[in-house]
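Chain letters run A, B, ... following the sequence lines, proteins first and then strands; every chain starts at 1. Keep in mind that what you see is a predicted model, and the values were worked out from it rather than measured.
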There are 2 protein chains.
Amino acid sequence: MKSHYQKPRYLIVIEQIREKINNGELEPGEQLPSETALAKALGVSRNTLREALRILEEENIVIRKHGIGTFVNRVPVFQGGIEELFSITELIEREGKIPGTEILFTGYVEPHRDDVEELELEEDEQVFLVKRVRTADEVPLVYCIDKVPDSILHKRYKLREESIFNSLRDAGIVINHAESKINTIAYHDEISKIMNCDQHTPLLVLRQVHFDELNRPVLYSINYFRSDQITFNVLRKRI
Amino acid sequence: MKSHYQKPRYLIVIEQIREKINNGELEPGEQLPSETALAKALGVSRNTLREALRILEEENIVIRKHGIGTFVNRVPVFQGGIEELFSITELIEREGKIPGTEILFTGYVEPHRDDVEELELEEDEQVFLVKRVRTADEVPLVYCIDKVPDSILHKRYKLREESIFNSLRDAGIVINHAESKINTIAYHDEISKIMNCDQHTPLLVLRQVHFDELNRPVLYSINYFRSDQITFNVLRKRI
DNA sequence: ACGGATTTGTTCGTATGTATA
DNA sequence: CTATACATACGAACAAATCCG
């Protein structure tokens, strides 16, 4: 019954600044008032304002220049890059399309060598395997192979949802991040046929180990995307 | 002649904590002393320590949990992912290999439609075009097409270095970030031959618009990687 | 179930350093 | 050189989350 606590002020400040940008009060490239002035105007301390600005800078909404000022970033920034972890369901919905699923297999199987390593499996531990084709507006987009260690699932686990992410969350497993490898293959006898691809359409392959908050590997997935249906975007930063 | 300025304390604190992790004083998964205690031990204020911890958390070196504590991250995490912008030269050197270059073409040409859009070219503005094959230990790794707007180059510009990044830097242009699209093609008559690829080896295609600190597009590049020679890694985070 | 102790999160005030015009 | 702007740093207080007796 903890009802709602007050939202931190720096989050409110972030919203206020975003709003100023969205409604045109602050235009792209325009300089913000100085920190001292803006803090006073928003009724917060300079520290709180700086916390907000730091986050806005991380998100590429503003740019800060030492000794000069803070500016609204020109570019609206590339949304939904690959570095942001989302489920296939989310990916499809973001494109404004309707996700569909055709389940090809579910059940417990012996793991492969890779599975044992990536998922840090115990000896003789099985994996729960799901093979599916995911569609966007009825068009095949990606062939998904998902493997979850036996040990972290209740035996009565079943795939009730479209999204494995949601399904795992309902089972008390929250995915925090993933280590992904992007590659490509020209043609795969089985998969290319299922995906209705000819020899001229390679498959983009995403191999991912997903981890929960405790850094335990909880899901190993291999996704074969039709390369004519998708492109991965990345915002790369110089460090 | 203001000589050398003092290194900020939070950077020193970061080094100290990294050192404790590297020399085993702090082990993976281990909990750090409380912020109050650690700040006292390191002789800085809690705020300064927190600034250091925030950066270490961004870098996935530590994990902070509200009400519990701060911990050394278990996984050393995937270094050098694609979200970190580096030049091909750096990429090859990181793999411990020796970069080589075969220049196929350099000169000023009329831009394509894409170039005009991506590089925000003026009417009738030409681009400086470079086509090269980059090798790692003599093996062809990637076919590079790089285009730079005429307007940002001195006419006497020449490609003296292996790395276009370095070459541009010498010309006063510092690349800050890039928007990249990853895709793949099965076979390309010209490029696949040059790269010595058969029909079973698709090419991974990286199309990138590079920006300087002022968010001006300064370099448009298309890289065709031999997919049997490279995999792109990404650390994806749930947000 | 409750309360207190511990730990990180947020916020303010203030002072000083560094960069730029 | 000076004024302005952002960067760093300290101290203090309270909030929120978690843990444990």
Point to revise | Under 3.5 Å donor-acceptor pair, A:His66 side-chain atoms to D:dA7 base atoms | key: no
Review point. Are OP1 or OP2 of C:dT6 and a side-chain N or O of B:Thr36 less than 4.0 angstrom apart?
Key: no
Review point. Taking atom CD of A:Glu19 and atom CD of A:Glu15, what is their separation to the nearest 0.5 Å?
Key: 9.5 Å
Check your understanding: For D:dC6, does OP1 or OP2 lie under 4.0 Å from any side-chain N or O of A:Thr70?
Key -> yes
Review point. A:Phe128 ring centre to A:Lys147 NZ or CZ under 6.0 Å, with the angle to the axis within 45°?
Key: no
Review point. Quick one: does NZ or CZ of B:Arg134 land under 6.0 Å from the six-membered ring centre of B:Phe225, within 45 degrees of the ring axis?
Key: no
Check your understanding: With respect to A:Arg132, which candidate in A:Asp146, A:Thr101, A:Thr106 satisfies the side chain to side chain donor-acceptor pair (under 3.5 Å) definition?
Key -> A:Asp146
Review point. Between D:dC6 and A:Arg50, is there an OP1 or OP2 to side-chain N/O distance shorter than 4.0 Å?
Key: no
Practice item. Starting from P on C:dT10, measure out to CG on A:Asn47 and report it in whole angstrom. Key: 13 Å
Review point. Taking N and O atoms by type only, does the side chain of A:Arg46 place a donor or acceptor under 3.5 Å from a partner on the base of D:dA7?
Key: yes
Practice item. Report yes if at least one side-chain N or O of B:Arg64 is closer than 4.0 Å to OP1 or OP2 of C:dT7; otherwise report no. Key: no
Revision key, fill the gap. Taking for A:Pro8 and for A:Ile68 the nucleotide of DNA chain C with the nearest heavy atom, the one nearer the 5' end belongs to A:Pro8
